[in-house]
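Reminder, nothing fancy here: chain letters follow the sequence lines and each chain counts from 1.
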Amino acid sequence: MYDMVEDRSPNLMRQMRRGAIEYCVLALLCERDMYGFELTRTLAAADGLVTSEGTVYPLLTRIRKEGLVETFWEDSPQGPARRYYRLTTEGRHALARFVDQWSQFRDTVDKLLQGGR
Amino acid sequence: MNMTSVDLDSIVNTYLADLDSALGDLPASDRRQIIESITSHIDEARASNGSQSEAALREILDQLGDPSEIAAAAQGDVIGEQTRGSRRLTSPVAWAVAVVAVIVIVVLSLLFAGTFSTQAARYGQIPNILGATYQRAEVEIKAAGFKPWLVCQPKQNDQIPGNRVVMLEGFLGESYPLGAYVNFKVALSPTGCHANFHTVPKRTPIPY
């Protein structure tokens, strides 16, 4: 019976990732400033969040243009200087709004899913 | 077959050239920043990997993803940005409509505020911030509609996790008036509790 139902999970995961990943980046930067490689490796280590590490960089470019993060250069103990990302006040507010909306959304969906069992 | 560092660099250069070509439609400044970031990523990954083998390098590039995939993500972000940008008001008529709408909303809000000013205060639940860093705790408390009040407690021993919330005033799951102070304690090294932190709880605590 299950074979007859189309598996929509890859597309669903892609859409959920797309909506949430920006805020996962902001949440990581809320803890401390991070450089690109460190940030992408941390996201890639979180199961299912990033399919390709390279796709994080366009996102970082966009949220920087939107003023949610800012960057600065710092010397590296080995190799060339690193571009660090830092959360701005606007980014902090965007994260706080998302945390609020996400909690409400998650609770609503959880409630409906549990009721549907 | 062992490859020289020149051969390995040429693999990287080919990858970056493919990426640059795939990003062709993006604004030059975006393209430059993405290429620069990916180049740094490859350098960092090669340095942290320690291996100078071709297989290790190809593994790094595989994890980064195909240039077309990165370009698709970049174009998706640019399209999203343009869609958001297109919502900006450009015509004078649109501006006039927006100004009138704002005035109507403000007037209605004032009327309703007067009518319902005796309504009960709104309540909310304190988020579970135990174990979180104090920066994260502050964000979550504000997002839940409360005011954070951080009390710093010097660490007594190494068993206590540093820079983490170890105590929270209030009961999780219970409702409290929004806007109230939430006291929480974080353990830092004795010198970490500097002047920016509070040393005593706020004396207008949430009513129990």
> Relative to the ring of A:Phe37, is the ring of A:Tyr35 parallel (under 30°), tilted (30 to 60°) or perpendicular (over 60°)?
Replying inline: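 Ring orientation, 0 to 90° scale: parallel.
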
> Can you say whether the rings of A:Phe98 and A:Tyr23 are parallel (under 30°), tilted (30 to 60°) or perpendicular (over 60°)?
Replying inline: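 A:Phe98 vs A:Tyr23 ring planes: parallel.
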
>> For the backbone of B:Asp9 and the side chain of B:Asn13, can you confirm whether one donor and one acceptor N or O come within less than 3.5 Å of each other?
In response: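 Yes, because the side chain of B:Asn13 sits within donor-acceptor range (under 3.5 Å) of the backbone of B:Asp9.
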
> Got a donor-acceptor contact below 3.5 angstrom from the A:Thr55 side chain to the A:Thr51 backbone?
Replying inline: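 Answer holds: no.
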
Side chain, backbone, both or neither: which part of [X] has an atom under 4.5 Å from a heavy atom of chain B?
| X | answer |
| --- | --- |
| A:Thr40 | side chain |
| A:Arg32 | neither |
| A:Ala27 | both |

> Under 6.0 Å from the CZ atom of A:Phe105, do we count more than 12 heavy atoms belonging to anything else shown?
Replying inline: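 Counting other residues, nucleotides and ligands, CZ of A:Phe105 stays at 12 neighbours or fewer.
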
>> With a 6.0 Å cut-off (strictly less than), is the heavy-atom count around CG of A:Asp75, excluding the residue itself, greater than 12?
In response: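 No - once you tally the heavy atoms of other residues, nucleotides and ligands closer than 6.0 Å, there are 12 at most.
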
>> Using a 4.5 Å heavy-atom cutoff, which residues in residues 59-69 of chain B come close to chain A?
In response: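 So the qualifying residues are B:Gln63, B:Leu64, B:Gly65, B:Glu69.
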
> chain A: which of B:Ala47, B:Ser40, B:Ala143 shares the most heavy-atom pairs with it under 4.5 Å?
Replying inline: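 With the most close heavy-atom pairs to chain A, the winner is B:Ala143.
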
>> For A:Glu53, give me all partners under side chain to side chain donor-acceptor pair (under 3.5 Å), at least two apart in sequence or on another chain.
In response: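 Per chain and number, A:Glu53 pairs via side chain to side chain donor-acceptor pair (under 3.5 Å) with A:Arg41, B:His41.
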
> Given a strict heavy-atom distance threshold of 4.5 Å, which part of B:Ala71 is in contact with chain A: side chain, backbone, both, or neither?
Replying inline: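 For B:Ala71, there is no contact with chain A at all, as no heavy atom is under 4.5 Å.
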
> At a heavy-atom separation under 4.5 Å, does B:Ser29 approach chain A through its side chain, its backbone, both, or neither?
Replying inline: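 Neither part.
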
>> If the threshold is 4.0 Å, N to carboxylate O, is there a salt bridge linking B:Lys142 and B:Glu138?
In response: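 Salt bridge between B:Lys142 and B:Glu138, a charged N being under 4.0 Å from a carboxylate O: no.
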
> With a 4.0 Å cut-off, would you call A:Glu66 and A:Arg62 a salt bridge?
Replying inline: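 Salt bridge flag = yes for A:Arg62 with A:Glu66.
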
>> According to ring pair (Phe, Tyr, Trp, His ring centres under 6.0 Å), who are the partners of A:Trp73, at least two apart in sequence or on a separate chain?
In response: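 If we apply the ring pair (Phe, Tyr, Trp, His ring centres under 6.0 Å) test to A:Trp73, skipping adjacent residues, there are no hits.
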
> Considering heavy atoms only, which positions within residues 87-97 of chain A lie below 4.5 Å of chain B?
Replying inline: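 At a heavy-atom separation under 4.5 Å, chain B is reached by A:Arg92, A:Leu95, A:Ala96.
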
> A:Leu28 versus A:Thr42: any side-chain heavy-atom pair under 4.5 Å?
Replying inline: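 Yes, close enough: below the 4.5 Å cut-off.
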
> Could you give the distance from OG1 (A:Thr71) to CZ (A:Arg83), rounded to the nearest 0.5 Å?
Replying inline: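 CZ of A:Arg83 is found 4.5 Å from OG1 of A:Thr71.
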
